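Keep in mind that what you see is a predicted model, and the values were worked out from it rather than measured. Below, chain A is the first sequence line, B the second, and so on; all start at residue 1. Excluded from the calculations below are hydrogen atoms, water molecules and symmetry mates; all remaining heavy atoms, backbone and side chain alike, are included.
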There are 2 protein chains.
Amino acid sequence: MDHDELTPRQRQILDFIVERTRASGAPPTRVEIAAAFGFRSANAAEEHLRALVRKGAIEMAPGRSRGIRVVSVATPAGGTGVLPLIGQVAAGSPILAVENIESEVAIDAALFQPRADYLLRVRGDSMSGIGVLDGDFLAVHRSATAESGQIVVARIDDEVTVKRLQRDGERVRLCAENPAYAPIEIDLSRGELAIEGLAVGVVRRW
Amino acid sequence: MDHDELTPRQRQILDFIVERTRASGAPPTRVEIAAAFGFRSANAAEEHLRALVRKGAIEMAPGRSRGIRVVSVATPAGGTGVLPLIGQVAAGSPILAVENIESEVAIDAALFQPRADYLLRVRGDSMSGIGVLDGDFLAVHRSATAESGQIVVARIDDEVTVKRLQRDGERVRLCAENPAYAPIEIDLSRGELAIEGLAVGVVRRW
DNA sequence: TCCATGGCTGTATGTTCATACAGTATCGCG
DNA sequence: CGCGATACTGTATGAACATACAGCCATGGA
């Protein structure tokens with residue numbers, strides 16, 4: 001984890017290993033490392049590798065060719081996440097109901113904070129002011145509550161909408177981020193508002 | 001690409017190579033493949049590998065240990081893709097150089113079309129007109145060429161920038177999507193423009 | 001029927017690789 | 001000053017690997 005204590009030379013070696021692994025599909029050998037750095041002896045590479053193992057930057061499988069593994073630099077907490085993509089939400093159905101799931105998208109849910117539970121296809125340009133366009137996928141974290149100022153996925157009269165929440169005591173407003181749309185005023189005491197989740201990110205494919 | 005013509009056995013071998021590469025960090029050797037399938041001869045693995053090369057499923061580097069590379073790009077079951085996230089590009093360095101890679105993000109590269117090769121952190125609001133904001137991650141497909149009208153990642157005077165390309169014969173313009181920024185005019189014959197890639201999507205985390 | 005292809009066993013050879021041991025030189029630290 | 005750590009050169013050895021060649025058996029065309 002904390003291989004900040006690496007010497008500059010050791011960091012170069014580590015970088016080379018990462019780069020070479022990515023480029024060629026397998027980690028380099030001692031001789032390849034030596035060649036890349038101009039060492040006349042493969043042992044120089046060997047000793048650098050030992051230092052990297054000692055400092056926790058890599059692991060080595062004994063006796064195994066190209067048995068170098070870079071520790072932890074790569075994936076932060078491997079999330080082999082697949083998020084459901086919600087297209088249109090049928091009236092009266094829960095958002096995550098099977099019939100609403102258009103497909104599954106391979107994205108790590110932990111990319112977003114708090115973690116995303118699903119992607120919602122945005123329709124219309126009511127949020128264009130904050131760069132959320134028609135057709136974008138909104139990453140949504142399920143939550144029944146929200147704080148003033150947050151972008152929420154809400155359900156009003158059985159319709160799912162994305163708006164910015166503004167709370168002022170008992171009075172709540174759902175504001176579009178587009179001057180062409182008027183805010184929606186809601187009286188909480190009548191309980192017409194159901195918050196479905198918080199917007200935590202956007203994914204757009206061109 | 002279309003190795004549907006693989007026999008069931010060959011597909012098993014290919015799957016094993018993919019799995020093993022992911023699990024151990026390097027492709028398996030002939031002996032390891034033979035051991036995994038119970039072959040009593042490493043040559044059985046060798047011949048399977050040759051068949052896979054013939055059918056375009058893998059490539060092999062001659063004389064190189066663990067020199068197997070799986071050609072297929074869209075990882076099979078949904079794709080556990082990981083894209084490098086490029087923060088700031090050091091002047092004079094290739095975009096994908098290790099020192100530019102800030103982290104890795106678990107997103108299926110095949111989510112985008114054409115496939116994304118890396119994510120580039122956007123700085124500034126010059127593309128805010130099309131919903132690309134400061135801090136967004138631009139999904140980029142590597143390409144040295146682009147057509148008029150496309151959003152490109154280009155390098156001018158050793159600086160990486162995102163703009164819309166407009167080509168008019170020998171004259172090329174790089175336009176911001178923000179009226180506050182003036183278009184950049186470039187004479188192609190002087191060769192000052194290097195196109196690094198095409199924008200294929202956006203990822204934003206709030 | 002012959003022949004190509006897939007799928008193996010068995011043996012062998014030369015290269016690639018990991019790794020140990022013996023040195024040399026520099027540098028910062030107590 | 002001496003010691004340990006870094007950063008190498010040089011040599012060596014055995015295990016790991018890629019890969020060629022010689023066969024065997026089955027299946028599915030031509």
Side-chain angles (χ1 to χ4, degrees), chain A residues 2-71, chain B residues 2-71:
Chain A
D2 54 344
H3 25 89
D4 294 8
E5 69 259 26
L6 294 186
T7 68
R9 198 57 161 164
Q10 287 165 1
R11 174 141 290 280
Q12 285 182 351
I13 304 278
L14 181 59
D15 285 350
F16 172 77
I17 294 170
V18 172
E19 193 168 8
R20 193 61 168 255
T21 302
R22 195 197 311 281
S24 78
T29 66
R30 275 73 166 163
V31 171
E32 287 170 359
I33 295 173
F37 285 84
F39 303 158
R40 315 176 114 240
S41 167
N43 191 50
E46 173 73 19
E47 282 172 358
H48 274 119
L49 292 179
R50 290 191 180 285
L52 289 173
V53 168
R54 219 179 318 125
K55 297 183 175 180
I58 64 172
E59 290 172 356
M60 283 201 291
R64 194 184 149 95
S65 76
R66 302 179 190 275
I68 304 171
R69 296 205 61 182
V70 176
V71 172
Chain B
D2 56 340
H3 24 89
D4 294 11
E5 71 259 21
L6 294 187
T7 68
R9 198 59 162 161
Q10 287 165 0
R11 174 143 290 281
Q12 284 183 352
I13 304 277
L14 181 60
D15 287 347
F16 172 77
I17 295 170
V18 172
E19 192 174 355
R20 194 61 168 258
T21 302
R22 203 197 314 277
S24 78
T29 65
R30 275 74 167 163
V31 171
E32 286 170 359
I33 294 173
F37 286 85
F39 303 157
R40 319 184 93 218
S41 167
N43 191 49
E46 173 74 19
E47 282 171 359
H48 274 120
L49 292 178
R50 289 190 180 287
L52 289 172
V53 168
R54 223 176 16 239
K55 296 183 175 180
I58 63 171
E59 290 172 355
M60 283 201 290
R64 193 185 150 96
S65 76
R66 304 179 189 275
I68 304 172
R69 296 205 61 182
V70 176
V71 170

I want to check one thing: is the phosphate of [N], taken as OP1 and OP2, less than 4.0 Å away from some side-chain N or O of [X]?
{"X": "B:Arg40", "N": "C:dC8", "value": "no"}
{"X": "B:Thr7", "N": "C:dG7", "value": "yes"}
{"X": "A:His48", "N": "D:dA7", "value": "yes"}

With sequence neighbours left out, the residues meeting side-chain hydrogen bond (donor to acceptor under 3.5 Å, both in side chains) with A:Glu47 are A:Asn43
Sorted by chain and number, sequence neighbours left out, side-chain hydrogen bond (donor to acceptor under 3.5 Å, both in side chains) with B:Arg66 holds for A:Ser65, B:Glu32
Considering only heavy side-chain atoms of A:Arg54, the closest of D:dT9, D:dT6, C:dT9 is D:dT6
Mind calculating the distance between [atom1] ([X]) and [atom2] ([N]) to the nearest angstrom?
{"X": "B:Gln10", "N": "C:dT5", "atom1": "CD", "atom2": "P", "value": "13 Å"}
{"X": "A:Gln12", "N": "D:dC8", "atom1": "CD", "atom2": "P", "value": "9 Å"}
{"X": "B:Leu6", "N": "C:dT5", "atom1": "CG", "atom2": "P", "value": "16 Å"}
{"X": "A:Arg9", "N": "C:dT26", "atom1": "CZ", "atom2": "C1'", "value": "15 Å"}
{"X": "A:Phe37", "N": "D:dT6", "atom1": "CZ", "atom2": "C1'", "value": "15 Å"}
{"X": "A:Arg11", "N": "D:dA7", "atom1": "CZ", "atom2": "C1'", "value": "18 Å"}
{"X": "B:Leu52", "N": "C:dG6", "atom1": "CG", "atom2": "P", "value": "11 Å"}
{"X": "B:Lys55", "N": "C:dT5", "atom1": "NZ", "atom2": "P", "value": "11 Å"}

Between the CG atom in A:Leu49 and the CD1 atom in A:Ile68, the distance rounded to the nearest 0.5 Å is 4.5 Å
Residues passing the side chain to side chain contact (heavy atoms under 4.5 Å, CB included) test with B:Gln12, sequence neighbours excluded, are B:Arg9, B:Phe37
Scoring nucleotides 15-27 of chain D by protein non-hydrogen atoms under 4.0 Å (B base, S sugar-phosphate only, - none) yields -SSSBSBB-----
Sequence neighbours excluded, the answer for salt bridge (charged side-chain N to carboxylate O under 4.0 Å, His left out) partners of A:Arg50 is A:Glu46
Salt bridge (charged side-chain N to carboxylate O under 4.0 Å, His left out) filter on B:Arg69, not counting sequence neighbours, yields none
The answer to which of B:Ala51 and B:Gly38 contacts DNA chain C further toward the 5' end, by nearest nucleotide, is B:Ala51
Fill in: A:Thr7 side chain reached by A:Lys55 side chain, heavy atoms, under 4.5 Å
yes
